Amino acid sequence: QSITVNGVLIEGFGEKHAPIYSAVPACENTGYRIAKRFFHGGDAVDQKVEAEILAYPAVAPWLKVEWAIDYAKKIQPRVAFPIHDAFLKFTGPFYGMPEKFLTEVGIEWQVLEEGKPTEF
């Protein structure tokens, strides 16, 4: 579904959260695209949505790094920035691998500074 708020189109995508564990029931998940530019998939990496800015799921209990990298490659944004990363003490592979593999295919990798506005 979609709605326009103050002239900005907001669209919902997807239905289910990525699988966590076989004994954990599936729950609802909605990804959102705003103004046909920015996409946040929530806790799923199976949506195929065109967007130039991607909120990239850097780490989550259910996530394999390979899935996140392939997800960004599928979306093909101009820029991706990590989310789900606030509790990390060591960001090395969670930032280094996506930066390497995404920049190879022309996707800019940008780590945002907490509390600092960023314009894309």
Side-chain angles (χ1 to χ4, degrees):
Q1 294 182 342
S2 66
I3 188 170
T4 300
V5 178
N6 293 329
V8 177
L9 178 63
I10 301 170
E11 302 166 279
F13 292 87
E15 294 179 18
K16 296 291 179 191
H17 189 289
I20 297 171
Y21 183 68
S22 60
V24 177
C27 61
E28 299 300 313
N29 179 83
T30 303
Y32 293 95
R33 181 169 66 173
I34 300 171
K36 294 194 179 276
R37 292 189 64 219
F38 168 74
F39 186 66
H40 185 309
D43 286 342
V45 291
D46 60 351
Q47 304 104 330
K48 173 63 171 121
V49 178
E50 290 184 23
E52 66 179 89
I53 304 162
L54 175 65
Y56 172 92
V59 64
W62 51 267
L63 184 65
K64 186 175 174 183
V65 172
E66 176 184 21
W67 300 343
I69 291 171
D70 287 347
Y71 171 63
K73 286 180 168 183
K74 180 171 56 174
I75 302 287
Q76 281 294 303
R78 179 182 56 79
V79 62
F81 63 90
I83 59 169
H84 285 263
D85 60 343
F87 62 89
L88 290 177
K89 289 183 180 182
F90 176 68
T91 60
F94 300 101
Y95 288 179
M97 282 195 282
E99 181 175 26
K100 175 185 175 5
F101 295 115
L102 297 179
T103 56
E104 286 178 356
V105 296
I107 299 171
E108 177 186 343
W109 176 253
Q110 188 173 16
V111 177
L112 304 183
E113 187 177 327
E114 185 176 344
K116 181 181 174 189
T118 301
E119 193 167 317
F120 295 99

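From a predicted model like this one, the values you see are computed outputs, not experimental measurements. FYI, side chains are in, hydrogens and waters are out, and symmetry mates aren't considered; it's all heavy atoms of this structure.
- Taken to the nearest 0.5 Å, the CD atom of Glu114 stands 9.0 Å off from the CG atom of Asp85.
- Close placement of the Phe120 and Phe81 rings is indicated, their centers lying within 6.0 Å of each other.
- Residues Val111 and Pro82 meet the side-chain proximity criterion, which asks for heavy atoms closer than 4.5 Å.
- Of all non-hydrogen atoms in Ala68 and Leu63, the two that sit nearest each other are CB-CD2, 3.9 Å.
- Hydrophobic clustering places Ile53 together with Val8 (ILVMFWY residues linked when any side-chain heavy atoms are closer than 4.5 Å, directly or through intermediates).
- Between the Asn29 side chain and the Asp43 main chain, a donor and an acceptor come within less than 3.5 Å of each other.
- Note on Tyr71: it clusters hydrophobically with Phe13, by side-chain heavy-atom contacts below 4.5 Å among ILVMFWY residues.
- Residues that satisfy the side-chain hydrogen bond (donor to acceptor under 3.5 Å, both in side chains) test with Glu104, not counting sequence neighbours, are Lys100.
- Contact check for Pro57 versus Val45: side-chain heavy atoms found under the 4.5 Å cut-off.
- Between the CG atom of Leu9 and the CZ atom of Arg33 there is a distance of 7.5 Å, given to the nearest 0.5 Å.
- Gln110 CD: more than 12 foreign heavy atoms inside a 6.0 Å radius.
- Of all heavy-atom pairs spanning Ala72 and Leu102, the tightest one is CB-CD2, 3.6 Å.
- Counting non-hydrogen atoms of other residues, nucleotides and ligands closer than 6.0 Å to CD of Glu50 gives a total of 12 or fewer.
- The shortest heavy-atom contact between Pro25 and Ala23 is CD-O, 3.6 Å.
- In terms of heavy atoms, Trp62 sits closest to Ala18 at CE3-CB, 3.3 Å.
- To the nearest 0.5 Å, the span separating CD on Gln47 from CD1 on Ile75 amounts to 7.0 Å.
- Contacts classified as ring-ring contact (aromatic ring centres under 6.0 Å, His included) and involving residues 94-114 (residues at least two apart or in different chains) are given here: Tyr56-Trp109.
- Of all the heavy atoms in Pro93 and Pro98, the pair that sits closest is O-CD, 3.5 Å.
- Of the residues listed (Arg37, Gln76, Lys36), the one engaging Glu52 in a side-chain hydrogen bond (donor to acceptor under 3.5 Å, both in side chains) is Arg37, and it is the only one.
- Residues forming a side-chain hydrogen bond (donor to acceptor under 3.5 Å, both in side chains) with Lys16 (at least two apart in sequence, or on another chain): Glu28.
- There is no path of hydrophobic side-chain contacts, each under 4.5 Å, that joins Trp67 to Val105.
- Following chains of ILVMFWY side-chain contacts shorter than 4.5 Å, one cannot reach Ile83 starting from Val65, and the two form parts of different hydrophobic clusters.
- Under the 4.5 Å side-chain heavy-atom criterion for ILVMFWY residues, a single connected hydrophobic cluster contains both Leu54 and Val49.
- The CD atom of Glu11 lies 8.5 Å from the OG1 atom of Thr4; values are rounded to the nearest 0.5 Å.
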